[in-house]
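Everything on this sheet refers to the single structure shown next.
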Amino acid sequence: MTVSLSSRARRYLEVASGLHEIELSGRPEAERLSAIKPLLTELASEQELFPLAAFPRAPGSPGGLFRLVEFADQRGALYMSLGYTGRINPPHTHASWALVAGVSGGVELNVIYERVDDGSVDGEAELRLREEIPVGPGQIGTVETGHYHTIEVVSDEPVLHLHAYGHAVDAPGFSLPAFDSPESRTYKLRTSGAFQPPLAVATLDEASD
């Protein structure tokens, strides 16, 4: 079944609006994530809203991140992530929590780490493994605020995942540690969104057509 861009955009906005409302509720993070997960899982199950052709990768790239909905306050943002075999992101953190819900294709392995040093030396740190979360269709993974994760596409099929964040990936004002590998004892600071600016798929104007 082919679904029009405007219909897809309206559905993205509907879910993102619910996510945004929960994020701004002031409830503890664990409660917010518990409330958001069913919204994201349900949207991810509607595979007809996410045709692979709508999320083209740049030539020579292993994937991309596409902006579905961001709000003016940059809170509770929603994206589509595309990954092909060989897409790997070393340990990094986000400005707040992240949720990853599998839509279609193969499996992306998310490995979650926590920082265990005392932060007393700028540019030096130590990570400790918490868990490994394979995320495929129908599965969801959580990166809590302050935790780190790596991403690796470990299957031959292209992977489409919904990504939801407490803060938009290009929200200003954040400097976040990023490591070359889990064994690294040093890090570099990056600003939010420095890995890859997300591409727009549908605008809020299109959602109201």
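The closest side-chain heavy-atom distance from Leu52 to Pro158 is below 4.5 Å. Taking the side chain as every heavy atom from C-beta outward, Leu99 and Leu33 approach each other to under 4.5 Å. For the pair Thr150 and Asn89, the minimum side-chain heavy-atom distance is 4.5 Å or more.
Put simply, the side chain of His92 gets close to the backbone of His149: a donor and an acceptor are under 3.5 Å apart. When atom types are taken as modelled, the side chain of Tyr79 and the backbone of Val169 share a donor-acceptor pair closer than 3.5 angstrom. A distance-only check finds no donor-acceptor pair linking the side chain of Thr142 to the backbone of Glu144 [under 3.5 Å].
For Glu152, the side-chain hydrogen bond (donor to acceptor under 3.5 Å, both in side chains) test picks out no residue, with sequence neighbours left out. Taking the side-chain hydrogen bond (donor to acceptor under 3.5 Å, both in side chains) definition, one finds that Lys188 meets it with nothing, sequence neighbours left out. Every residue two or more places apart in sequence or in another chain was checked for a salt bridge (charged side-chain N to carboxylate O under 4.0 Å, His left out) with Glu132, and none qualifies. Ser104 is linked by a side-chain hydrogen bond (donor to acceptor under 3.5 Å, both in side chains) to nothing, counting only residues two or more places apart in sequence or in another chain. In terms of the side-chain hydrogen bond (donor to acceptor under 3.5 Å, both in side chains) criterion, residue partners of His163 (sequence neighbours excluded) are, by chain and number, Tyr165. Partners of His147 according to the ring pair (Phe, Tyr, Trp, His ring centres under 6.0 Å) rule, which considers only residues two or more places apart in sequence or in another chain, do not exist here. Applying the ring pair (Phe, Tyr, Trp, His ring centres under 6.0 Å) criterion to Tyr187, with sequence neighbours excluded, gives Phe179.
Grouped with Ile112 in one hydrophobic cluster are Val100, Ile133, Val135, Val143, the linkage being side-chain heavy-atom contacts under 4.5 Å among Ile, Leu, Val, Met, Phe, Trp and Tyr residues. With a 4.5 Å cut-off between side-chain heavy atoms of Ile, Leu, Val, Met, Phe, Trp and Tyr, the cluster of Val116 takes in none.
Both Met80 and Ile36 belong to a single network of hydrophobic side chains, linked directly or stepwise wherever heavy atoms of I, L, V, M, F, W or Y lie under 4.5 Å apart.
Gly166 and Ser96 get closest at one heavy-atom pair: CA-OG, 3.0 Å.
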Identify every side-chain donor-acceptor pair in residues 119-127 under 3.5 Å, counting partners at least two apart or on other chains, and give the distances.
| unit_1 | atom_1 | unit_2 | atom_2 | d |
| --- | --- | --- | --- | --- |
| Ser120 | OG | Asp118 | OD1 | 2.7 |

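No more than 12 heavy-atom neighbours from other residues, nucleotides or ligands sit within 6.0 angstrom of CG on Asp180. For Glu21, the CD atom counts as loosely surrounded, since its 6.0 Å shell holds 12 or fewer non-hydrogen atoms of other residues, nucleotides or ligands.
The closest side-chain donor-acceptor pair between Ser34 and Arg27, if any, does not fall under 3.5 angstrom. Side-chain polar atoms of Thr186 and Ser184 form no donor-acceptor pair below 3.5 angstrom.
From Leu65, atom CG reaches atom CG of Leu82 across 10.0 Å, with rounding to the nearest 0.5 Å.
The distance between the ring centers of Phe174 and His167 falls below 6.0 angstrom.
For residues 100-115, the pairs satisfying salt bridge (Lys or Arg N to Asp or Glu O under 4.0 Å) are Glu114-Arg128, Glu114-Arg130, Arg115-Asp117, with sequence neighbours left out. Sorted by first and then second residue, the pairs that involve residues 23-52 and meet ring pair (Phe, Tyr, Trp, His ring centres under 6.0 Å), not counting sequence neighbours, are Tyr12-Phe50.
Taking the six-membered ring where the residue is Trp, Phe66 and Phe55 present perpendicular rings, their angle passing 60° and hence far from 30°.
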